[in-house]
Amino acid sequence: MERISRGDEDAFASLYDAVAGPVFGIAVKVLRDRAQSEEVAQEVMIEVWRQAPRYRSDKGSVMTWVMTIAHRRAVDRVRSAQAATAREQDTAAREHKRPYDEVSEQVEVRLESEQVRRCVRGLTELQRQAVTLAYYGGLTYREVAETLDTPLPTIKTRLRDGLIRLRDCMGVTA
């Protein structure tokens, strides 16, 4: 390991030959997927090369150190996959919408539209003009006042009274 920590590729090749099989074996045992196990084994060997200076012989054998890295890396891969699955399930649960009947939805929209038209027809002419310009025309109160050549406080009163009448006609509770 000392030679590997100094960048000796021949020493690493010897270590690789000795531990590659057991590393792959532990990865397969944990992951149960050959392709992922190959990836993890490769990642472990790269980590062994990079982390060789951190190896301490007083803490255990080289094989134990490498196998610990392999086991941890495989377990991390499993946990990552489980977390991804959980995130996908959470997202799917949040995005799940109640199925609806498109025909009944269209009928309901049409009935509501007709009710709004009937209620708007029930407004006074002045209220209808103000509400139509503000809510269907997208004008501000000030723009409605300018368009109708009426003082702003009068427009605000017409709109308030018109909206109250619409609310009552539509059966909306305040």
Side-chain angles (χ1 to χ4, degrees), residues 23-24 26-54 66-174:
V23 165
F24 180 71
I26 199 164
V28 168
K29 187 173 184 176
V30 172
L31 294 168
R32 296 192 171 113
D33 179 273
R34 188 169 184 84
Q36 284 195 33
S37 298
E38 289 172 358
E39 288 178 21
V40 166
Q42 183 178 13
E43 291 170 7
V44 168
M45 296 314 295
I46 291 169
E47 187 172 347
V48 167
W49 173 257
R50 289 181 180 159
Q51 300 297 326
R54 297 182 71 206
V66 172
M67 295 306 284
T68 299
I69 293 171
H71 185 263
R72 287 180 181 163
R73 184 61 67 114
V75 168
D76 287 347
R77 180 69 64 102
V78 169
R79 287 181 180 154
S80 176
Q82 288 172 340
T85 300
R87 278 191 306 274
E88 289 172 6
Q89 289 173 344
D90 289 346
T91 300
R94 280 193 304 273
E95 292 176 354
H96 179 72
K97 294 186 172 80
R98 175 181 60 87
Y100 69 98
D101 181 356
E102 189 174 330
V103 173
S104 67
E105 182 76 18
Q106 290 174 352
V107 169
E108 188 175 329
V109 167
R110 191 170 294 136
L111 289 173
E112 286 175 358
S113 297
E114 180 54 40
Q115 184 180 11
V116 169
R117 282 192 289 278
R118 182 178 47 79
C119 290
V120 168
R121 283 192 304 267
L123 299 177
T124 68
E125 181 60 30
L126 299 174
Q127 290 171 341
R128 184 173 33 256
Q129 286 177 330
V131 168
T132 301
L133 288 172
Y135 290 93
Y136 294 112
L139 301 180
T140 64
Y141 285 9
R142 185 171 311 284
E143 292 169 334
V144 172
E146 291 170 1
T147 302
L148 297 178
D149 194 30
T150 306
L152 182 60
T154 304
I155 292 300
K156 288 182 178 181
T157 301
R158 286 181 188 168
L159 281 166
R160 187 195 75 230
D161 293 345
L163 292 175
I164 289 170
R165 287 182 73 177
L166 285 174
R167 178 193 69 199
D168 293 344
C169 178
M170 297 287 295
V172 176
T173 56

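Small disclaimer: the values here were computed from a predicted structure and weren't measured.
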Option passing side-chain contact (heavy atoms from CB on, under 4.5 Å) with [X] (candidates [options]):
| X | options | answer |
| --- | --- | --- |
| H71 | T68, I69, V75 | V75 |
| F24 | K29, E38, M45 | E38 |
| D161 | L163, T157, L159 | T157 |

Measuring from atom [atom1] of [X] to atom [atom2] of [Y], what distance do you get when rounded to the nearest 0.5 angstrom?
| X | Y | atom1 | atom2 | answer |
| --- | --- | --- | --- | --- |
| L148 | L133 | CG | CG | 5.5 Å |
| Q36 | R77 | CD | CZ | 5.0 Å |
| L123 | L166 | CG | CG | 4.5 Å |
| T140 | E143 | OG1 | CD | 3.5 Å |
| D76 | R72 | CG | CZ | 9.0 Å |

Side-chain heavy atoms of [X] within contact of [Y], under 4.5 Å:
| X | Y | answer |
| --- | --- | --- |
| T124 | R165 | yes |
| L111 | E114 | no |
| R87 | D90 | no |
| E146 | R142 | yes |

Which atoms form the tightest heavy-atom contact between [X] and [Y], and what is the distance?
| X | Y | result |
| --- | --- | --- |
| V23 | M67 | N-SD, 4.0 Å |
| A130 | R158 | CB-CB, 4.3 Å |
| V116 | Y136 | CG1-OH, 3.4 Å |
| A74 | A27 | CB-CA, 4.3 Å |
| D33 | S37 | O-OG, 2.7 Å |

Q) Hey, does the side chain of R73 reach the backbone of E43 with a donor-acceptor pair shorter than 3.5 angstrom? A)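 Answer holds: no.
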
Q: Taking T154 for its side chain and T150 for its backbone only, find out whether a donor-acceptor pair lies under 3.5 Å.
A: no

Q) Taking 4.0 angstrom as the limit, do E47 and R50 come out as a salt bridge? A)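 Judged by the 4.0 Å cut-off on N to carboxylate O distance, E47 and R50 do not form a salt bridge.
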
Q) Are E112 and R118 close enough for a salt bridge, meaning some N to O gap below 4.0 Å? A) no

Q. Can you find a side-chain donor-acceptor pair between Q82 and R79 that sits under 3.5 Å?
A. no

